Structures are given as structure tokens and as C-alpha cells.
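See below for the structure under consideration.
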Number of protein chains: 2
Amino acid sequence: MGRPTTKDLAKVAGVSLATIDRVLNARPGVRQVTVERVNRAIKEINFVRDFSAANLARSKEYELVFLLPDHDDEFIGLIREAITEANQSLAHERINVTVVRGPANDPHRLAEEIDTLSALGVDGVAIMAPETPQVRDAISRLDARGIAVVAFVANQPNAESTSFVGINNQAAGRTVGQLMARFTGEKRGMVLVQTETIQSRDSQERRLGFDTIMAKYAQRLKVCPSLEDYGDPVRTAQIFKAALQSDLPVVGIYLMNHDIHEAMQAIEAFGPSQGIVVIAHELTPQTCARLVDGSLDAVITQDVGHLVHSSIRVLKAKITNTSTVASQERIRIEITLRENMPEEKPTVAENIE
Amino acid sequence: MGRPTTKDLAKVAGVSLATIDRVLNARPGVRQVTVERVNRAIKEINFVRDFSAANLARSKEYELVFLLPDHDDEFIGLIREAITEANQSLAHERINVTVVRGPANDPHRLAEEIDTLSALGVDGVAIMAPETPQVRDAISRLDARGIAVVAFVANQPNAESTSFVGINNQAAGRTVGQLMARFTGEKRGMVLVQTETIQSRDSQERRLGFDTIMAKYAQRLKVCPSLEDYGDPVRTAQIFKAALQSDLPVVGIYLMNHDIHEAMQAIEAFGPSQGIVVIAHELTPQTCARLVDGSLDAVITQDVGHLVHSSIRVLKAKITNTSTVASQERIRIEITLRENMPEEKPTVAENIE
DNA sequence: CTTGACATGAGGTACGTACGTCATTTAGAA
DNA sequence: TTCTAAATGACGTACGTACCTCATGTCAAG
């Protein structure tokens, strides 16, 4: 005997299949007493709806959308790859994932973009965007229309009923701090922190965590105010040149941006060739290469595949009103050194023949 | 229009549903030319079988077994929890996971245990056991009966057609080496390496990786021969006492065992209270606590939930003869410091009501 | 030409659920 | 009691696939 079915449930609850159906799908026309009788029976025989069969019968596909920033850095690229991959492996489960790009730095237009989604028969949205009042309101509107929402990578702490899939940035900053404190040994000097803009919540949280640990464990080091480059390569070069040529020797650099290309070039151009501990975020082809050649000492990572899959699971759970396994949805703050970089291991299973 | 169905496939291939069925399920009675015609049509319309529907029709449950060592340490406990959890979340997918315990250190009896499994209608087995000829042969026998096998945590490199779900232990050892080299700063002295037995393949690989890095980056440190404690608490205390009271100061300790309780007690009893860098494996309640209180400096981790889920996905893929997404099945070597320890974040989704 | 082996088609039932229609029962008010 | 609306039951069809039976087609050996 397998799991109990709706038939078993009907028998135990002493009602017909039709009533079971009405209760399970929250259709009208059932007395409260009967609803409760059915619910008791559900618990009694530990009934769980067979979602494969349910979806089959509904012949419904879940439409999920990832709303990503419209600029392209390597991190976003990895996310898009992971989404494509997920879309393929989830085709079996009647889940369709698409990507929509939105202007991350224009809250009004972004909010409009979000509003558009609700018209398109979308069932769930994962939003990666800086927190703004406009976005928060747009999320509420989605919520009002019964569309599931997840904050993806960037938290939306003020949007209610929106789960967050991503890392605790303050903890990430602390982790970088700890590594910086330990990797610099007993050296004295200056630590640079670079970011695109200190306006962004992520930057602020990471910086806060970083400072906490530096203050606690590395008072020998002087942590400079964040260097903002506003995404401008010329400015990046300038600020690094200035900082690296100041009196105090630079012993550590924390790169908060996803895109580290310009910064690394500036460091190589103006800094000493050896001995600066450089720590960055996100494992991309570029950061990988730089871990290998030693120009980066550590990279703080959130597993992109995990981020995407977790978001999808959470969205699906919200849509079908089921529960998720909390421990599985926790995104780890990973530390990657040259030694524990993922290798390309050979594919494990065979293809369909 | 959703995905193509068997009907569409039949139309395109110019054959009947019955023939499609025979081809898809490798039933006899179809000419080779016809099989190829169907296969061409599959590619042409990009047909993918709907496994939910297929499983529904089969009304078959997949029986998976995790064969775990019969001793109980915290790591095994975590694995068992993860399996229980997975079993619940996979009930929807008609996957049943059970745990069987086997005598890890008695290859003959373990092999018998494995043989028993094939009688029980088991479809797939994840085996966590040291590599021995007996086990390898038992795995071949499973294989011969068409039962999918995965080597879990401990690799079985000589068992053919057996995938491995776990980490590269040599890389893990290298990672520990790098951390040890950097965390000890400029200090000089001795590094201890403790293991249950240097016989085990895992220990050997980890040690090898560790030594490679120490030789390369920390020649100032003297790495001692591995201290074997054979799982005996008394012996653990003895060897640590002797090592810690020798002439050269101990600056670092690498604990390879899952169970670190005895070792840590000995270190606290006989070593200096401060300044020794201690690195261990696996994130358990105990190692967590010791990261927090500072008596451990770093823990090398493989995500247990990921291990379990990945094994299940790989087994399922083998059984249904489908493919897995390689990047998703790669188990990361994670570094955990106090700062990036997983927090208990509140459950994200609601329960069924 | 017959025979038989094999290849293929046609059609049904089942899996567990969704969802529709229509008939019937029940409860509460008149 | 009688009427009415609400609650419930009975039943059919559908989703995409598996798997069974039986009929029919084809081809080559005898």
C-alpha cells in the first residue's frame, strides 16, 4: 500500500470525493464542520496531496520569473546560466523559468517593470534589486494579486511576506574581516575597501561586518573609508593610485564589487607586486583565474546554483502553499581559496539514449 | 501548447502510440529502423518524457537505501537527519529513502549486508564504507542486478559505474594546509596531525594534500607523523600529552577525525591555552560550539544536506537513465569560521493549512 | 501457398487528482 | 409543514504515460 489517496481520505472522513476536492482546493460550498472533519481525517491518515498528479490534472505550468539587473557582469552571467540550467532540469516538474531584465538604478521604471509582470500570468517572481520604496510598493502589488515573491541576493527587509534567498551580508563582511585579520599576519599598515557606492545596502552591511571584526582582531591595521568608484574605470584607477601611493603601506584590500577587473589592474599597476592580501566576492571565471595565479587570496562566495534552485523551491512552496525544509534553503557564505576551488569533475550520469 | 506528448511523437514519427511506448520503455518487438525513426522524431520535436505522469502510471515508488557505518558519531547523526528530511520532501516524487547500518570495519559482513539489499526490491544504494575488495565485489553484484550505486562520502575508485558523491579529500587536505600556513602567521614550531588510522584512504589523501601545501608555503613548520588513536580515548590523551609536552612548541593541530571531543580535551589539558591553530572537519554541534568559543579556528565542511540530496538525484538519474546537471552535483569543500557559520534563520514558508 | 515468427496498430484500463454538471439531501426559515 | 438555499453526492472526462490484450500486417522459410 502506497500513500493514502483522496479516495482513502473520503472514506475516512465519511464524505464524498467531491467534498474532498472542494476542501482541498478551497472551493466554496462546504460547511465549516465538514471542512474540519476532512482536516482531521487528513491528519489522521497523514494524507499528502500528490502534486505530480495534481499538476498533471491541472495541466498547468508554473511560470516563474527572475527579475535581474540590466547590466551584465560576470556574476549576473553566472546567475543566468544557473537559471537556464534549472529551467531544463525543472521542465519535468512543470516549472517554467524566465529571466526579465530591469533597470536596477531607476526605481520608478523598475517598479513599472514589476507591475508589467503581474499581467502576464506569472505565478512567482524572484527579484534582485536594491531596496527602494518604489520597488517595495510594486512588490506589495504583486502580493495583492497573489503572486509569490522572493527577494533574490539583495534583501527587501521591508517588503512583507517576501522571503529572502541570499546571504547575510553583515556576516559575509565579518568573514572577510576575519580572513583579512589572519591572512595579514602581524603586519601593520592600511586596508583599503572598494565599492561601487556606499549607498547600497549590501555594501553598508558588508562594511559594517568587516569593521566590527577588524576593530576586534586587527587594531594594528588602519581601515580606510570606502573607496567609491561609481562603476567608472577611470575613477577606479585614480582612487587606487592615490591610495596605494600614500605613506602608510597597504597590506590588505577588500573588493566588494562583483566586477574586479579594473581594480585589480590598478592594484597591479600601482601597488607592490607581493604581499597585499586581496579578498573579493563571488566566484567567477575572473576571480577563479586570479585565485589560481595568486593575485587574489580569498573569495567569498554564495553558490549561484543553490541560490537559483532555492529561490525556485521557495516560490513553488509559496504558490502551492506547502512548506520548505528550512535547512536546505539556507545559503552558505562560502570561502574559496585556491585549494578548494571547484574542479570541473566529469559528468556523473549518462544521457538519455 | 505545452511540451510535446507521446501522441505528438507518434504523429511525427508516423507510428502508433503502442510502438512509441515500446521504444520508450525498451520493450521488444520493434525493428531497429523503427526505433531509429522514433529516436529521430524525439530529437526533432525535442520530446521529453513526463516523469510525473510516467511514475503515476507505473504507480511505482523508488526505493533508495543509504548504507551507513554502524557506529554513531555526530557526523553520521547529521547525515541521518538530512536523510529523514530528504525523505519527507521527496515523498511527493515517489522516492522512498531508508537507512541501513552496516559494520564498517568488517568487510565480509558488510558485503553480506550489501548482498541482502538486492533481495529487498531496492532500486538504488548510496554506500558509505571504506574501500575493500569485498565491498567492491558486492557493489559489482548490485550493479549486475541493475541496482544503481553511489559511493557516498567515501570514494570507491575501483568500483566501476559507481559515481562518487563527496569531496576530493586531497583538495580538502590542501585547503587545511593553506589555512594552517596562513593562520599560523610567521610562527615557527610543530604541527600535529591526528587521525583514527592512517590506513584509511581518506586520511591518506587528506594528509597528502596537507603535506603538499605545508612543504610549499610553510617550511618554517615541522609537520609530525600522523598521530593514530584507533578511536581509543585513552590513547588519544596519551599521544597528545606526549606531543604537546615535547621540546618544539606546537603551533598548529589538524584533527582529521569526525569525533574531536577527546582530542580537544587533551589539547586543553596539556597544551597552552592560547595561540595554537586548530583545524577540524565537519560542522557538527560540537565543532560549531568550539568555533564559537574559539578553541577551533576553522572547520572544513561538506554540506550534509547537499551530499544527501545529490546522492538521491544521481541515483534517480541512474535508475531512470536520465542525466544530471554536473555543476549541481559538485560537492564543495567549504571553509567555516566563526563568522560564516550558518545561523538558524526562521522558516521561510508556511505549512499546509 | 501455407505457416509461423515477428512487427505494428487499435483500444482499453489504470494511476491520483482537477473540475465540471446535475441530482439529491439537509438545514433553517417561513 | 413547506419552501428554498446551501451542502453534498454521483459520475464523467481529462491530464500524460504505462501496460495489457487482441487484431492485423509483413515477410521469409518451408
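The sequence lines fix the lettering, A, B, ..., with proteins before strands; numbering per chain opens at 1. What you see is a predicted model; the values in this text were computed from it and never measured.
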Checklist line | Qualifying salt bridge (Lys or Arg N to Asp or Glu O under 4.0 Å) pairs with a residue from residues 51-67 of chain B, counting only residues at least two apart or across chains | finding: B:K60-B:D123

Check: With the sugar-phosphate defined as primed atoms, P, OP1 and OP2, and the base as all remaining atoms, what B/S/- string results for nucleotides 4-9 of chain D, 5' to 3', for protein heavy atoms under 4.0 Å?
Finding: ---SBB

Note to self: Minimum heavy-atom separation for B:R101 and B:R80, please, with both atom names.
What the structure shows: NH1-NH1, 2.9 Å

Notebook entry, point to check: What residue pairs, at least two apart or across chains, pass ring pair (Phe, Tyr, Trp, His ring centres under 6.0 Å) with a residue in residues 137-156 of chain A?
Noted result: A:F66-A:F152

Item checked: chain A footprint on DNA chain C, 5' to 3' - any atom under 4.0 Å from a heavy atom -> C:dG16 to C:dC19

Margin query: Other residues, nucleotides and ligands only: do more than 12 of their heavy atoms fall within 6.0 Å of CZ on B:R109?
Written below: no

Next item on the list: State plainly whether the residues B:E329 and B:R313 are in salt-bridge range, i.e. N to O under 4.0 Å.
Entry: yes

Notebook entry, point to check: When you check the gap from the basic side-chain N to the acidic O, do B:D8 and B:R3 get nearer than 4.0 Å?
Noted result: no

Check: So, A:R49 versus A:N25: side-chain donor-acceptor pair below 3.5 Å or not?
Finding: yes

Next item on the list: Just call it for A:D50: base, sugar-phosphate, or nothing, with non-hydrogen atoms closer than 4.0 Å on any strand.
Entry: sugar-phosphate

Note to self: If I take atom CG in residue A:D21 and atom P in nucleotide D:dA10, what distance separates them, rounded to the nearest angstrom?
What the structure shows: 15 Å

Notebook entry, point to check: To 10°, what angle do the rotation axes through the five end pairs on each side of the helix from C:dC1-D:dG30 to C:dA30-D:dT1 form?
Noted result: 40°

Note to self: Both A:N25 and B:R58 contact DNA chain C. Taking the nearest nucleotide for each, which residue is further toward the 5' end?
What the structure shows: B:R58

Checklist line | Side chains of B:L315 and B:Y62 in contact at under 4.5 Å (non-hydrogen atoms) | finding: no

Next item on the list: Check ring pair (Phe, Tyr, Trp, His ring centres under 6.0 Å) between A:F75 and all other residues, then give those that pass, not counting sequence neighbours.
Entry: A:H258

Next item on the list: I would like to know whether B:K318 and B:S163 meet side-chain hydrogen bond (donor to acceptor under 3.5 Å, both in side chains); could you show each step before the answer?
Entry: CA-CA 10 Å; B:K318 290 195 161 201; B:S163 321; 3.2 Å; yes

